[in-house]
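Start at 1 with the first residue, then count along the sequence. Counting convention: from 1, in listed order, for ligands and their atoms alike.
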Amino acid sequence: MTILQRYQQLLASGEITPDSAQQLAAERLDALAQTLHRTPARPFKSRRFFGLFGSGAEASETGLKGLYLYGPVGRGKSMLMDMFHDEVTITPRRRLHFHEFMQGAHSLIHKKRQRGAGGDSPIVQAADEIADSAKLLCFDEMEVRDIADAMVLARLFTRLFERGVVVVTTSNRHPDELYRRGLHRDRFLPFIALLKDKVEVLDLGDGKDYRRDRLVGEDLYLTPLGRAARDKVDAAFEALTDGSPAEPDVVVVNAREVAVPRAAKSVARFRFDEICGIALGPSDYLAIAQRYRAIVIDGIPRMTDDIRDKARRFITLVDALYERRCQFVCSAEVPVEELYAGVDWGFEFDRTVSRLLEMRSISYLQEPHRA
Ligand SMILES: Nc1ncnc2c1ncn2[C@@H]1O[C@H](COP(=O)(O)OP(=O)(O)O)[C@@H](O)[C@H]1O
Ligand SMILES: [Mg+2]
């Protein structure tokens with residue numbers, strides 16, 4: 001089936017409602033798939049002739065433009081990208097969350113560096129290995145959070161594009177807004193220019209937030225804090241774990257151990273400060289989200305800029321839980337819409353709120369855990 005046919009089918013069956021921005025995106029994705037299917041197979045594995053032809057010898061740039069879908073939450077960006085990824089027949093291809101991709105890229109670069117091989121830089125070598133593993137990369141939620149990512153992106157993607165890799169991605173922001181207030185942003189600008197040259201940028205901004213439609217039940221988010229909330233959280237944890245006693249556990253992330261104070265039957269329970277009050281990062285939260293099918297958090301406070309680091313970690317945690325389709329139960333000081341009372345992460349927190357709302361819906365709860 002083509003992507004447009006699949007999209008029409010969802011419309012016809014009533015699973016989704018017409019949306020002109022989505023229609024346009026589906027058309028562009030469909031056109032890209034057709035072009036990809038027509039593009040003759042190129043010699044895929046890199047053939048390396050060190051010293052003979054130099055490092056550009058195996059490059060095979062196709063000139064094909066990928067797609068960059070951006071817009072606010074709940075606009076169907078991930079749905080469209082997944083549809084594309086499922087219907088396109090190019091192999092090998094990969095679909096992954098952008099953070100996960102960057103984590104993998106950093107560890108690959110690290111490995112190459114340790115090996116200390118001469119010739120191409122570790123970043124180019126890492127890009128070559130990635131290009132060997134996928135002709136098409138589909139990323140969900142491209143976002144640049146730290147300087148470590150910002151400083152390797154241009155070189156990494158220059159090489160990926162030279163190797164003919166096509167990128168389709170979703171994002172909450174226009175490329176020009178990536179890493180917006182980041183350190184040494186001037187050194188990041190070449191990546192933006194490169195990206196805009198290699199992907200068509202499509203705005204899905206105007207339209208409905210479809211996530212809000214499907215909210216049900218209040219009992220997974222308990223507020224205000226107090227005896228009643230606590231009892232209900234206890235009951236939820238018991239139900240999730242068949243009443244098994246909770247015990248301390250550890251999750252190993254890159255040879256480090258992250259302590260989990262209470263866990264049973266693949267469900268972990270933390271007090272807010274035990275998971276957002278200590279120095280954990282995206283890879284820790286992803287590992288936790290992978291390991292446990294449900295996470296229970298007690299005592300989420302209203303977040304002001306006084307606890308901006310905790311708020312930042314909470315955003316990252318919710319992203320990880322959502323990506324892995326973890327079930328989520330918590331008690332909180334205030335309703336979800338009032339949870340963020342700071343300024344610094346206002347933009348990012350909109351997504352967190354939207355996700356927390358969706359994570360209470362029946363359809364989210366029925367989705368399998370992506371371990
Ligand atoms: N046109 C539509 N009609 C009804 N529901 C939709 C439509 N587009 C998307 N949805 C639903 O809205 C939810 C959010 O979509 P998603 O792709 O996750 O959005 P985004 O990635 O832009 O945040 C999904 O459950 C999706 O199935
Ligand atoms: Mg999405």
Worksheet item: With under 30° as parallel and over 60° as perpendicular, where do the rings of F139 and F157 fit, or are they tilted in between?
Response: perpendicular
Worksheet item: Out of curiosity, I192 CD1 to D197 CG, how far, rounded to the nearest 0.5 Å?
Response: 13.5 Å
Worksheet item: Does any N, O or S atom of T170, backbone or side chain, fall under 2.8 Å from the Mg ion (ligand 2)?
Response: no
Response to the item:
The option among E15, K77, M79, Q23 carrying the non-hydrogen atom nearest to atom 9 (C) of ligand 1 is M79
Fill in: Under 3.5 Å: N/O of I16 near N/O of ligand 1
no
Discussion item. When you measure from the heavy atoms of T17 to every atom of ligand 1, does any distance fall below 4.0 Å?
Written reply: yes
Worksheet item: Under 6.0 Å from the six-membered ring centre of F349 and within 45° of its axis: does the NZ or CZ of R351 meet both?
Response: no
Worksheet item: Judged by modelled atom types alone, do Y7 and D30 share a side-chain donor-acceptor pair under 3.5 Å?
Response: no
Worksheet item: Evaluating non-hydrogen atoms only, which member of S78, G71, S171 is closest to atom 21 (O) of ligand 1?
Response: S78
Worksheet entry | Cluster check L356, L225: I/L/V/M/F/W/Y, side chain < 4.5 angstrom | no
